[in-house]
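Since the structure comes first, as structure tokens, the remarks are kept for the end.
All values below come from the heavy atoms of this structure, side chains included, with hydrogens, waters and symmetry mates left out. Lettering follows sequence order; numbering is per chain, from 1.
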Amino acid sequence: MGLGLGVMRTIEFLLLIIAILSAPVLSDLILSKVERRIDLTSQIARIASTIKAENDGSSSVSEILLSIPEVQAKNLAYLTAKLVEGKGKAKTSGVALAVEPANPKGMPPALSFYTMILPKPLANGDSVTLDVLAAFTHSLRPFPEKITQADIQLVVFQDTAHYLSPYPVKVQSLTLKLPDARIESYTKLENTKGLGSEIKYGPYENLPPFSYSPVAIHFEANQAFAVARELVREIEISHWGNVQVTEHYDIVHGGAMSKGEFSRLDYQSKPQIRGASAFKHLVAKLPPRAHSIYYRDAIGNISTSHVRGDSKKTEILIEPRYPLFGGWKTAFTIGYGLPLQDFVFESEGKRFLNFSFGSPMHDLVTDSITLKVVLPEGSKYLSVSTPFVVQQEEEVYYQFNALAMLMEPFMLITGIFFLFVTCIIYVHVDLSISKSSASYLAKLQWDDVRATVQQIQNTVNQCLSTHEKLEASLRDLSRTGDVQACKAARKATDGLLKELSKELKPLISFLQSSPPAAHILPKVEELVAKERELQERLMAKHSTIVDSYEKKLGGRETENRVASVQQKIVALRQDIEDLMEYIDEI
Amino acid sequence: MASPESAVNGPTMTAGAASKSLRNAFGGVIAFIILVLIGVLAFSIRLFSVIKYESVIHEFDPYFNYRVTQFLSKNGIYDFWNWFDDRTWYPLGRVIGGTVYPGLTLTAGTIWKVVNSLNIPLSVETVCVFTAPIFSAFASWAAYLLTKEVKGPGAGLTAAALLAMVPSYISRSVAGSYDNEAVAIFALVFTFYLYIKTLNTGSLFYATLNALAYFYMVCSWGGYTFIINLIPMHVLLCIVTGRYSSRLYIAYAPLVVLGTLLASLVPVVGFNAVLTSEHFASFLVFIIIHVVALAYYIKGILSPKMFKVAVTLVVSVGLAVCCAVIAILIAVVASSPTKGWSGRSLTLLDPTYASKYIPIIASVSEHQPPTWPSYFMDINVLAFLVPAGIIACFMPLTDSSSFVILYIVTSVYFSGVMVRLMLVLAPAACILSGIALSEAFNVLTRSIKFQLPGIAGNPSIAVRMWRIMSTSKENGSSTVVAPNDIPKTEEAAKEKPAKKNRKKEKENVEKKPTPSKTEKRLLVLPLEASVIAVLLLVLLGAFYVVHCVWAAAEAYSAPSIVLTSHSNDGGLHVFDDFREAYSWLSHNTDVDDKVASWWDYGYQTTAMANRTVLVDNNTWNNTHIATVGTAMSSPEKQAWEIFHSLDVKYVLVVFGGVVGYPSDDINKFLWMVRIGGGVFPHIKEPDYLRDGQYRIDAQATPTMLNCLMYKLSYFRFVETDGKGFDRVRRTEIGKKHFKLTHFEEVFTTHHWMVRIYKLKPQRNRIRGKTKKSKSSRSVSSKRDVRGKRNPWH
């Protein structure tokens with residue numbers, strides 16, 4: 001009540017000022033017909049006015065003024081005007097007019113003015129019809145200001161029944177469309193009609209400039225009063241084919257403040273009655289082909305959301321973590337990717353991003369919005385066009401070289417390349433500081449020793465495979481009985497083995513002379529000795545078998561004769577293998 | 001006689017020589033690739049939580065670590081050391097910088113900084129979520145290094161693969177489980193590796209690295225005391241078994257000196273590094289090793305006879321001195337009430353200690369002893385492989401393998417005391433199982449390789465094969481040498497070759513231990529047995545893998561702040577009540593409001609709701625927790641007074657009765673009573689029990705039915721279904737209809753899991769009679785009504 005009175009007082013004060021300062025009429029324009037329709041079904045008051053203006057004076061008029069009381073003007077969110085062409089049913093709204101704030105002289109101070117610039121001046125006696133659409137936020141004030149969970153939410157809307165204009169108005173009327181619910185009260189003037197959820201004031205005729213007749217409508221409004229106190233939108237362009245949009249919302253329920261308890265029980269059992277003023281969800285209309293949509297807040301993903309999509313739009317239904325009652329707040333982030341070719345275009349060597357400026361949320365009032373556009377590295381010559389009062393699109397122009405998008409992968413590749421190059425260099429470069437230090441020399445010597453040991457091992461391996469050849473010749477013998485071939489093989493291997501043992505000698509002597517090999521030397525010598533022994537045994541076995549073949553001895557007898565040698569050979573082979581493994585490990 | 005197998009054609013000379021070096025080179029490359037894959041496996045098996053749920057911090061403690069990391073990344077290291085946190089332990093506050101193990105936080109903070117300086121815009125949360133999986137990959141590599149030092153690269157790879165997916169470790173290191181253990185296990189294994197490496201090489205370089213690794217471990221986790229007790233034990237073991245060497249000295253002495261100096265640099269440890277009993281063992285062994293070193297030195301310069309004299313002299317004097325020192329030590333230690341040991345350590349030494357004296361330690365579920373099934377759940381088949389691994393470590397017993405044995409034995413004991421320490425057991429179990437598996441495969445594949453005809457890798461194998469075949473007299477295939485036997489034996493061989501072979505080979509092994517009696521000979525097993533054993537081992541491994549993946553996917557990936565359940569039609573139902581409540585608190589209460597809840601939810605409340613709490617999961621002040629416990633167990637009015645005196649504005653309770661969430665406050669309530677009663681004797685546990693039973697139905701005691709916790713949990717609960725049926729306790733509640741006089745419900749989450757109440761303001765004191773106040777109230781309400789009806793006349 002107190003606040004209501006306050007507002008009334010403001011309005012009275014305003015009237016006083018208007019009465020005192022009633023300035024002379026600007027031009028000879030008169031408004032022959034004004035029809036206003038105010039839509040109050042959502043939290044945004046949308047005022048659509050059809051104005052017919054006539055030039056009654058002598059000079060032509062190129063501008064028409066619109067006046068809005070300052071208390072309302074600060075809530076003005078949107079204002080457009082269009083020229084209406086044709087008559088009667090064939091009316092079509094045509095050219096959009098430029099609307100600019102104006103500050104004409106000699107006008108009452110509590111009013112804000114906007115001028116509509118006509119495409120061609122209005123000559124004497126001509127008339128023009130305009131469609132003016134204005135939207136106001138925060139113009140529905142909750143009353144009472146604090147309600148409990150069970151109360152319904154009532155709001156007050158105030159306006160003037162007479163069209164506030166610097167021009168005289170001949171005929172006018174006002175229609176208010178309210179939500180389909182209870183109407184608590186409304187100001188009754190002459191010619192007031194209430195028809196269901198519609199209230200009609202007028203028609204009123206022949207009113208002077210700056211006529212003002214306050215009306216207040218008090219009615220139930222339970223729709224979502226979602227207000228984004230702050231919205232940060234980030235649009236990031238990647239020329240790899242994606243436009244990533246991230247939107248950070250800071251939402252508050254802007255309706256009547258909730259007081260007292262919140263009972264989940266009541267809310268769950270009768271959500272329509274015991275939670276009438278709360279809103280559960282928001283709907284965002286995203287562009288078609290939106291993908292990778294996410295919805296989260298500072299502490300993680302929020303699982304209550306649904307996405308529906310068709311070829312014209314993607315609709316996402318977002319439920320905050322908890323239902324929002326009056327005054328409750330929440331914050332969240334939504335993000336989505338869009339195909340690049342839908343939003344970034346190229347013309348005359350320049351690329352431009354064409355993107356809607358505001359929030360994609362339905363029925364959301366945004367108090368403050370920050371838009372960030374992140375262009376790829378290497379973009380130049382930026383320019384922005386944001387005629388966003390008139391059209392809800394903004395355009396960002398920039399130049400971008402397509403090669404620049406290869407920069408980052410190239411950086412990565414170079415980085416990895418250099419990493420490998422450094423590795424290669426590190427492995428191949430001798431980093432020891434002193435070339436004459438003991439440890440360095442020892443290392444060099446040790447390398448030599450290792451190389452030598454490797455050579456010895458190779459040689460021994462060769463010996464072993466030569467032995468294998470010998471064994472193979474024995475097998476051939478047992479199959480074919482060709483003693484001569486066997487003997488030839490024996491000769492060949494003999495020669496080979498001799499050469500190999502010659503090769504071994506200098507290697508062994510090198511090892512003996514180098515001190516770091518001291519601990520490995522006995523093993524190596526043992527290896528060589530065992531190998532020689534093995535050779536001898538093998539030769540013995542070979543000659544025995546060949547011998548027995550020549551003497552045509554039986555298989556079993558031969559076997560008996562060889563058995564003991566054979567055992568030795570196996571044992572030796574095992575030993576050699578063990579030794580080799582041991583040396584390998586060193 | 002001569003081997004008749006046509007297949008055995010020895011490879012050419014060059015191939016034989018070259019293949020060996022090539023094999024070594026390729027072995028290195030393959031081992032490297034396997035290690036990389038193991039790292040990938042360790043990382044990716046921990047991502048189930050992100051895929052199934054979301055990239056979010058889990059549970060309780062990780063939220064605190066996350067909050068600290070956020071602070072660190074925002075304010076820098078110096079502010080971090082000096083951080084006095086006034087949002088917790090109201091009105092006491094907590095010095096975070098001095099009471100937290102900073103290793104994890106600094107690690108994640110460093111990663112974040114490095115990544116951001118490279119222009120990769122990762123959030124702190126993302127870095128925190130993925131720190132644990134990254135470090136489990138590191139831990140597997142460390143396990144490879146350690147096992148390689150003990151038993152060679154084969155065992156190392158096996159152990160690394162096992163550790164990469166051991167469920168026990170997964171349970172603490174899934175993506176989002178941002179806790180100290182995540183990096184500490186890596187630090188633990190790596191420290192052990194460096195110790196073994198030093199012990200094997202005797203290099204001071206590794207000894208220094210070892211001290212640094214130990215420092216990192218001290219930074220990361222209170223479990224560092226395990227290292228500083230285990231290594232001295234091992235050193236002592238080596239000395240006692242006569243394995244003292246200069247390498248042992250180099251491995252141990254620098255670690256104690258440098259390690260202790262470094263450890264005392266960590267604020268949370270500080271002088272504890274020299275003052276508490278946990279560290280005494282290391283100093284004692286430090287003295288002993290010096291005495292032993294001196295003895296060896298003297299032994300070296302004296303003749304044996306002189307040495308004997310010296311020994312008797314020194315021992316008699318030394319004993320006297322030792323007795324005196326020990327007596328002083330005992331006196332000093334005994335003068336402190338806990339004998340110089342911290343509560344948790346005492347719990348380890350005496351498993352019944354906690355339940356007797358410190359209910360707050362006993363109340364934590366992860367401090368309970370584990371059950372048998374939890375061993376199977378957490379280390380699965382490793383439990384059976386470990387004994388085999390221990391046996392493998394005994395042949396031959398080296399310094400390093402004795403360390404591994406000591407490690408497993410102690411960790412088995414500790415895991416038996418506290419579930420949480422199963423985590424320390426896991427790496428040990430993996431290492432030993434890795435050794436066991438690797439040795440088993442080694443033996444079995446070698447047996448197969450020797451006996452399988454058709455595969456002749458190199459001459460030596462051919463020789464062995466030949467030997468085995470030729471030793472059997474009636475070998476069916478020795479055709480040429482025994483021509484008489486040809487028809488018979490060949491037919492026999494054709495008829496039942498496999499069976500016969502098997503029999504013969506068995507005979508070979510049993511009857512004739514081969515001529516050259518090396519160890520390897522003994523390990524040759526029959527072919528079929530080996531093949532079957534290999535298959536069984538592979539099957540065992542497969543079972544382990546399946547179990548691990550299941551555990552990672554189903555058992556251990558739930559973040560516990562989000563619960564899900566499957567509805568009958570297969571849909572997924574998400575219970576996100578905790579975050580709902582925290583989000584509500586953070587957006588709809590004043591920044592400086594104090595929220596009272598049981599300590600479990602302290603970390604989450606400060607991290608997610610950013611509100612001041614009375615107590616949290618860092619249970620350093622028992623009295624303060626007891627105060628909250630007392631308030632929860634008191635009737636409404638007393639509770640209100642306690643809370644009001646602590647400036648509490650909201651009280652948060654967790655209640656699972658609607659959806660059947662078992663770990664709610666009513667189930668924890670007895671601990672509140674116990675902890676509260678431990679400090680405030682007017683709270684008596686028997687008052688809340690009917691005949692020793694904890695119940696909330698009509699049989700419950702009046703004290704129980706009137707305490708704050710009961711009332712806040714069940715306020716208006718009966719109206720949900722008309723009966724008040726509690727789905728957790730599976731019973732109807734005792735007191736159904738009641739009103740709250742000092743608290744009002746301000747928020748309850750969707751599934752009623754979290755309920756938040758506000759303390760009602762003190763009622764205005766009205767002079768005179770109550771009548772008057774009534775009438776005045778009615779007047780005011782009338783005025784309200786009038787005012788409401790028509791503000792516009």
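- Qualifying side-chain contact (heavy atoms from CB on, under 4.5 Å) partners for Pro559(B), counting only residues two or more places apart in sequence or in other chains: Tyr53(B), Val56(B), His58(B), Ile561(B), Val562(B).
- With chain B as partner, the option from Thr459(A), Asp266(A), Ile302(A) having the largest number of non-hydrogen pairs under 4.5 angstrom is Asp266(A).
- For the side-chain contact (heavy atoms from CB on, under 4.5 Å) test, residues two or more places apart in sequence or in another chain that qualify with His306(A) are Leu317(A).
- Within a 6.0 Å sphere centred on NZ of Lys280(A), heavy atoms belonging to other residues, nucleotides or ligands number 12 at most.
- A distance of 10.0 Å separates CD in Glu125(B) from CD1 in Ile299(A), rounded to the nearest 0.5 Å.
- Summarising the geometry, atom OG1 belonging to Thr304(A) is positioned 8.0 Å from atom CG belonging to Asp576(B); distances are rounded to the nearest 0.5 Å.
- In this structure, Leu265(A) and Glu719(B) approach most closely via the heavy-atom pair CD2-OE1, 3.0 Å.
- To the nearest 0.5 Å, the span separating OG on Ser586(B) from NZ on Lys329(A) amounts to 10.5 Å.
- Residue contact with chain A, scored on non-hydrogen atoms closer than 4.5 Å, involves the backbone and the side chain of Glu744(B) alike.
- When each of Met608(B), Glu745(B), Lys758(B) is scored by its heavy-atom pairs under 4.5 Å with chain A, the top score falls to Glu745(B).
- Counting heavy atoms from C-beta outward, Phe262(A) and Trp584(B) have side chains that stay 4.5 Å or more apart.
- With a 4.5 angstrom heavy-atom cutoff, Gln268(A) touches chain B only via side-chain atoms.
- Classification of Arg579(B) and Asp297(A) as a salt-bridged pair fails, no side-chain N sitting under 4.0 Å from a carboxylate O.
- With rounding to the nearest 0.5 Å, the separation of CD in Glu408(A) from CG in Asn119(B) is 8.5 Å.
- The residue among Asn301(A), Val460(A), Thr330(A), Ile576(A) with the most heavy atom pairs within less than 4.5 Å of chain B is Asn301(A).
- Note: Leu324(A) CG to Asn588(B) CG = 7.5 Å, rounded to the nearest 0.5 Å.
- His750(B) has its side chain out of reach of Tyr322(A): every pair of non-hydrogen atoms, C-beta onward, lies at least 4.5 Å apart.
- Between Glu261(A) and Arg716(B), none of the side-chain N atoms (NZ, or NE/NH1/NH2) sits under 4.0 Å from a carboxylate O, so this pair counts as no salt bridge.
- Contact count against chain B (heavy-atom pairs under 4.5 Å) is highest for Ser303(A) among Ser303(A), Ala298(A), Ser258(A), Ser269(A).
- Annotation: the span from Tyr294(A) atom OH to Glu54(B) atom CD amounts to 13.5 Å, rounded to 0.5 Å.
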